[in-house]
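This report concerns only the one structure given below.
The residues of the chain are indexed from 1 along the displayed sequence. Keep in mind it's a predicted model, so treat the numbers as computed, not measured.
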Amino acid sequence: MICSLGGFCLNWLVKKYKEISNKHKGFYFFIGLCFIFSMVFVHNNYLFYEHTIAKVKEAKLQETVDVTDIHGNEDKLFTQNIIAELKNGENRGELISLTNEYSLSGAYDQEYHVGNELFVSIDSTEDSTTLTGSIRDVKRDKYILFISWIFIFVLLIVGKKQGLFSIISLIVNAALLSFALDIYLNTSEISLLFLCSISAILFTIISLLLVNGLNGKTYAAIIATLLGTSSSLIITILVMFLTSEKGLRYEEMQFLTQPPQIVFMAGVLVGSLGAVMDVAITMSSSIFGLFEENNKISIKALKKSGLEIGKDIMGTMTNILFFAYVSGSIPMLVLFLKNASPLGFTLSMNLSLELTRALAGGIGIVLTIPLGLYTSLFFINRMRAKI
């Protein structure tokens with residue numbers, strides 16, 4: 001059965017390859033070469049790291065201990081003896097002896113196996129001929145690169161040209177955000193919220209123009225996104241001012257040297273932007289699609305259809321925001337509740353900021369539906385006047 005499935009997949013790939021034009025074949029061939037080259041490079045890039053890397057050759061379990069904490073939580077502690085080969089540095093090619101202690105729960109540690117690559121620090125060898133050291137972290141770049149390539153291939157297969165532009169916009173947006181944060185860290189006079197606001201405008205324009213091109217649909221989505229995001233931010237700031245921020249727990253930001261309120265609002269702005277942008281382009285694409293199918297359709301019918309589309313996506317998008325924000329707090333919720341913390345205190349400490357972000361994003365989503373609808377209708381009326 002596996003052979004039959006493999007043969008079917010191979011035949012399907014050959015068929016699809018024959019359907020691709022020569023121009024596109026060259027592009028996919030180039031992408032394939034990039035994939036092969038990058039994977040070969042990341043498996044042999046030890047010399048490009050400053051930290052010492054060791055590859056596990058042997059991993060033996062030395063000791064197992066059952067432990068119970070003061071709250072009755074049971075766990076097991078394991079001790080591994082590891083022999084690894086150094087892959088870079090002055091002692092390249094030599095073996096090093098390492099000790100790894102890990103737990104069954106695996107909260108902050110893990111078991112290592114033969115073939116794992118580790119960042120290590122080497123102990124002083126003045127009084128010993130055998131190299132020893134400690135484990136600092138795991139080298140994961142090849143796994144991250146492989147997952148990234150899967151993401152790229154899926155985008156290209158499903159989105160084709162738009163998928164390629166989506167990848168480009170993602171890279172550009174990541175570079176812009178990194179640049180904005182770098183400016184903020186090196187320039188104390190500029191507000192983080194101001195920098196993120198400028199970045200959000202650039203994110204919106206670059207992403208939508210690259211993916212959808214220069215047309216009325218894109219312009220309507222850009223305007224709706226900016227209006228919806230700014231409206232959401234203004235309402236959130238106003239509510240926080242009127243309530244004196246009561247109920248918001250900034251304890252998780254206590255390590256910051258900057259005012260947590262500004263950092264929190266910048267996170268709200270960037271976090272809600274993606275969902276608002278999604279709603280805006282969905283609304284404009286739907287309205288323009290109806291108009292392109294029948295350019296004689298009435299504005300009343302377009303408005304009615306747009307509102308129905310908005311109602312359908314409103315619930316799912318707000319749920320997406322809620323689950324995206326709350327999911328990150330699940331480990332801390334379990335930890336607090338497992339240690340007998342009161343439910344109200346646990347929820348307040350871990351969900352106050354996440355729920356506020358979700359509510360702010362939800363407001364932006366709801367506002368973007370009519371904004372996207374009427375902005376699209378404005379551009380359609382202009383197009384109709386030229387016909």
Side-chain angles (χ1 to χ4, degrees), residues 155 158-166 168-170 173 197 200-236 238-239 268-269 271-324 358-387:
L155 271 179
V158 176
K160 296 181 174 60
K161 183 179 179 180
Q162 285 75 14
L164 175 62
F165 286 138
S166 297
I168 296 173
S169 68
L170 180 63
N173 289 339
S197 299
I201 296 173
L202 295 176
F203 293 161
T204 303
I205 295 174
I206 292 173
S207 298
L208 293 177
L209 286 179
L210 277 176
V211 176
N212 298 286
L214 297 168
N215 51 61
K217 175 178 65 176
T218 303
Y219 303 146
I222 291 174
I223 295 172
T225 299
L226 296 178
L227 289 176
T229 305
S230 58
S231 300
S232 170
L233 185 64
I234 292 171
I235 291 173
T236 304
L238 181 61
V239 171
V268 168
L269 172 63
S272 61
L273 178 65
V276 170
M277 191 188 303
D278 190 8
V279 171
I281 193 61
T282 300
M283 292 297 299
S284 64
S285 296
S286 302
I287 301 301
F288 273 84
L290 291 172
F291 176 73
E292 290 168 0
E293 287 292 326
N294 179 16
N295 56 19
K296 295 182 180 180
I297 188 172
S298 65
I299 295 297
K300 183 178 179 181
L302 285 174
K303 188 184 298 184
K304 181 179 178 181
S305 299
L307 290 175
E308 290 298 323
I309 294 169
K311 291 176 183 177
D312 290 338
I313 65 175
M314 181 171 57
T316 55
M317 289 304 300
T318 51
N319 281 327
I320 287 172
L321 273 181
F322 172 78
F323 289 126
L359 288 173
I363 292 171
I365 289 172
V366 175
L367 291 176
T368 305
I369 291 172
L371 287 171
L373 172 60
Y374 287 104
T375 306
S376 299
L377 292 178
F378 170 78
F379 281 95
I380 285 176
N381 283 330
R382 293 188 59 182
M383 292 174 59
R384 181 171 284 171
K386 296 179 181 179
I387 296 178

*Answer yes or no: is there a donor N or O on one side and an acceptor on the other, between the side chain of T316 and the main chain of I313, under 3.5 Å?*
yes

*Scan residues 363-379 for pairs that pass side chain to side chain donor-acceptor pair (under 3.5 Å), counting only residues two or more places apart or in two chains.*
none

_Interatomic distance, L226 atom CG to M277 atom CE [nearest 0.5 angstrom]_ = 8.5 Å

*Reported CG-to-CD1 distance for the pair L377 and I299, which is rounded to 0.5 angstrom*: 5.0 Å

*Measuring from I281:CD1 to T225:OG1, what's the distance to the nearest 0.5 Å?*
7.5 Å

*Of all the heavy-atom pairs spanning G306 and L373, show the shortest one and how long it is.*
CA-CD1, 4.0 Å

_I363 CD1 to I234 CD1 distance, which is reported to the nearest 0.5 Å_ = 12.0 Å

_I'd like to know if the side chain of S232 reaches the main chain of G228, judged simply by a donor and an acceptor atom lying under 3.5 Å from each other, with no hydrogens or angles considered._
no

_Nearest-0.5 Å distance, CD1 of residue I309 to OG of residue S286_ = 4.0 Å

*Within residues 296-312 or reaching into it, pairs that qualify as side chain to side chain donor-acceptor pair (under 3.5 Å) - sequence neighbours excluded*: none

_Backbone of G274 reached by a side-chain donor or acceptor of D278 within 3.5 Å_ = no

*Go through the structure and list residues passing side chain to side chain contact (heavy atoms under 4.5 Å, CB included) with L227, not counting sequence neighbours.*
I223, L371

_Considering only residues two or more places apart or on different chains, which pairs with a residue in residues 202-221 satisfy side chain to side chain donor-acceptor pair (under 3.5 Å)?_
N173-S207, N215-T218

*What distance do L302 atom CG and I380 atom CD1 have between them, rounded to the nearest 0.5 Å?*
5.0 Å

*asked:* Restricting to non-hydrogen atoms, name the atom on S231 and the atom on L367 that form the minimum distance, rounded to 0.1 Å.
replied: CB-CD1, 3.7 Å

*Applying side chain to side chain contact (heavy atoms under 4.5 Å, CB included), name anything that partners I369, two or more places apart in sequence or on another chain.*
V279, M283, M314

*Please report the closest heavy-atom contact between T229 and L269, naming both atoms and the distance.*
CG2-CD1, 3.3 Å

_Residues in side chain to side chain contact (heavy atoms under 4.5 Å, CB included) contact with L170, at least two apart in sequence or another chain_ = F151

*side-chain contact (heavy atoms from CB on, under 4.5 Å) between L209 and I222, intermediate numbers included*: CA-CA 9 Å; L209 286 179; I222 291 174; 4.2 Å; yes

